[in-house]
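Okay, so here's the structure we're looking at.
A note on names: the letters A, B, ... follow the listed sequences, proteins ahead of strands, and every chain is numbered from 1.
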Amino acid sequence: MQKTITICPGCELKSISQGVAIASEFDTLLIKKGTYKEFNIRIDKPLTLLGENYPVIDGEDQGEIIRIVSDNVTIDGLFIINVGTSYTTDYAAIRVVKSENFLIQNVVLEKLFFGIYLEKSNNGKVYNNKIIGDAVDEYNSGNGIQLWYSHNVEVDRNIVQGVRDGIYLEFSDKVIINNNSSTNNLRFGLHFMFSNDDVYTNNTFENNGAGVAVMFSKRIKMIGNIFRKNWGTAAFGMLLKEINDAEISGNTFEENTIGINIEGSNRILYKNNDFIKNGWAVKVLGACYANTFTQNNFLYNSFDISYNSRLNDNVFNQNYWSDYTGYDLDKNGVGDVPYRPVKLFSYIVNKTPETIVLLRSLFMDIIDFSEKVSPVFTPDNLLDANPLMKQAL
Amino acid sequence: MLKILKYSFYDLIRSRWSYVYFLFYLILGFVLLFLNNDVSKAVITLMNIIIILVPLIGTIFGVMYFYNSKEFTELLLAQPIKRSSIFLGQYLGVAGSLTMSLVLGLGIPFVLYGLFKSNAIFDFTLLLVTGAFLTMIFTALSFNIALSNENKIKGFGYAVLLWLFLAVIYDGLFLMSLIIFKEYPLDSFSLVASMFNPIDLSRTLILLKLDISALLGYTGAVFKKFFGTNQGLILSIFMLILWTILPIWRLVYTSKKKDF
């Protein structure tokens, strides 16, 4: 029989560890409001830990707080603070180890090292949690939500801020990341490493060291996300490194130093994205082949596209460019003159970065114009033959 | 001085040049907004115009006015009026009427097209302020040229050359030096070099608003401090004020010594 065990500071049962010890499988532990100074709580049977009015679990910086080593565990409505910091062990507020069908929801984490750490755990859900870190340096801070060898996990409606990486995936396939907000993190809002077939949609990444880094991964779908205000010398909305066969559509990149930084990425479809007021909308660093850019809006970026080589194997077709100055005599909505998105000036800036102070000067405009008329330094096949006259929807 | 200022100002308005200038900006503003229907894009186009056209018009107009009213100036000089009042009055009359035409000519269409509801209002105000500064600076510079050259053709030549130098050639030399010396740390140099040209200075000021995300892409502590904080804005405005005061001071100084 399933039963409910109540834990509160004034009850017979004062600690969560004791509660877990006496509970039998599939019981519910109802944790009442209060402060519980505990750490290393080990949950080794299928239980539901249900917090009432956000009871506080204070780890007093001693180490890990909750470790789940059993399948079918639910954690709901806890407020966990003061996770210990260690340079040898990744202490986490909640760690799930080799378990299936877990559900972690409505949890609030503060003053943490690592937040929710999923280790070789599949088929779970991390839902509606709030992780608020106070990280200052990259070397002694942890990640908000970390997935390591964890497949088929759903990460939904979480708020992560002020940690190192907001959400970090390593060797984790088929993960779905939706509706999260990852802001003010030291390094990346979302970080993929060696993870394939993942999907992330409708997330917001704002004011991180860099928005999203997608590295060494295949078949990732990135849809409807917002990347904003990732400013700085090595900051970008999205970094793609060694990414193949991905789809990037319906995203908004706004006011980033670099909208998308692409390196060694092939066969990616960029569709219906909005690039607004970025320094560089798309910076292509080399070894990028067979990518397609179509139906995107490039609006008021300082540079639309930047290349560092004369080789081009990517297709630009039917995008809207706010810098386009051509005309449309046959009124079919497509400009009659091709648009060249790479300016000579972006080459000069790549070579001598200080020349950025000459941005938008008349002299630069004249040089860019002459390059536009007869391309010498920019790839001459790099053009949008069918630039749109109106913004793509 | 105020009387002479008033006289110059009304003289310009009566001569219709101010109207032409005003109408030009009015039409420009309307056409820009009509074609784009997008205030943010129009602000970018406008920036190019302000940076190129405003100095040119200020220079040409200043030289022209000075030479044209030379006889009147000589008549005034025979009166018991301080020299500084005569020249300052004339200068402020010209610069004031040009600035007014610019601000009203561009302001009216933008206000009518819902500038106050758009978030581009700060960019636009900055644009008008730099435009006003550029008018003052280049009118003052052209007055200086005209005062130092009795020969009209020479004066015009120098004035146009000055504009050409500051608008185009300076940036060319600047770019060349950056590329040639790219092995060296150049961030302080490039900032200082842009301070020495009022057109570059105004451009920097506008870039601070429009392209801040690109400017922050450069790795360098000096750049970061300049562009990332309010320091850049304050320093640029201070330099613009200096650029306005220095030619005016020279104008007063030379006019006092000059033998007419």
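With a 4.5 Å cut-off on non-hydrogen atoms, B:Ile52 touches chain A through its side chain but not through its backbone. A:Leu299 does not touch chain B: none of its heavy atoms, backbone or side chain, sits under 4.5 Å away. Residue B:Ile206: no heavy atom, backbone or side chain, is found under 4.5 Å from chain A. Proximity to chain B is limited to the side chain of A:Ile348, based on heavy atoms less than 4.5 angstrom apart. When heavy atoms are compared at a cutoff of 4.5 Å, A:Lys351 approaches chain B by way of both its backbone and its side chain. Looking at B:Ile51, neither its backbone nor its side chain comes within 4.5 Å of chain A, counting heavy atoms on both sides.
Separation of the A:Tyr339 and A:Phe316 ring centroids does not fall under the 6.0 Å cut-off.
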**OP:** Tell me, with the steps shown, if A:Phe298 and A:Tyr324 meet ring pair (Phe, Tyr, Trp, His ring centres under 6.0 Å).
**Re:** CA-CA 10 Å; A:Phe298 291 85; A:Tyr324 182 59; over 10 Å; no
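Between B:Trp243 and B:Met136, every side-chain heavy-atom pair lies at or beyond the 4.5 Å cut-off.
Scored by the side-chain contact (heavy atoms from CB on, under 4.5 Å) test, B:Phe122 finds B:Lys209 as partners (sequence neighbours excluded). Scored by the salt bridge (Lys or Arg N to Asp or Glu O under 4.0 Å) test, A:Glu138 finds no partners at all (sequence neighbours excluded). Under the salt bridge (Lys or Arg N to Asp or Glu O under 4.0 Å) criterion, A:Glu255 pairs with no residue, sequence neighbours left out.
Taking a 6.0 Å sphere around CD1 of B:Ile153, one finds it holds 12 or fewer heavy atoms contributed by other residues, nucleotides or ligands.
Interface with chain B: from residues 354-366 of chain A, residues A:Glu354, A:Thr355, A:Ile356, A:Val357, A:Leu358, A:Leu359, A:Arg360, A:Ser361, A:Leu362, A:Phe363, A:Met364, A:Asp365, A:Ile366 qualify, criterion being any non-hydrogen pair under 4.5 Å.
The greatest number of non-hydrogen atom pairs below 4.5 Å with chain A, out of B:Ile169, B:Leu175, B:Leu191, B:Thr204, is found for B:Leu175.
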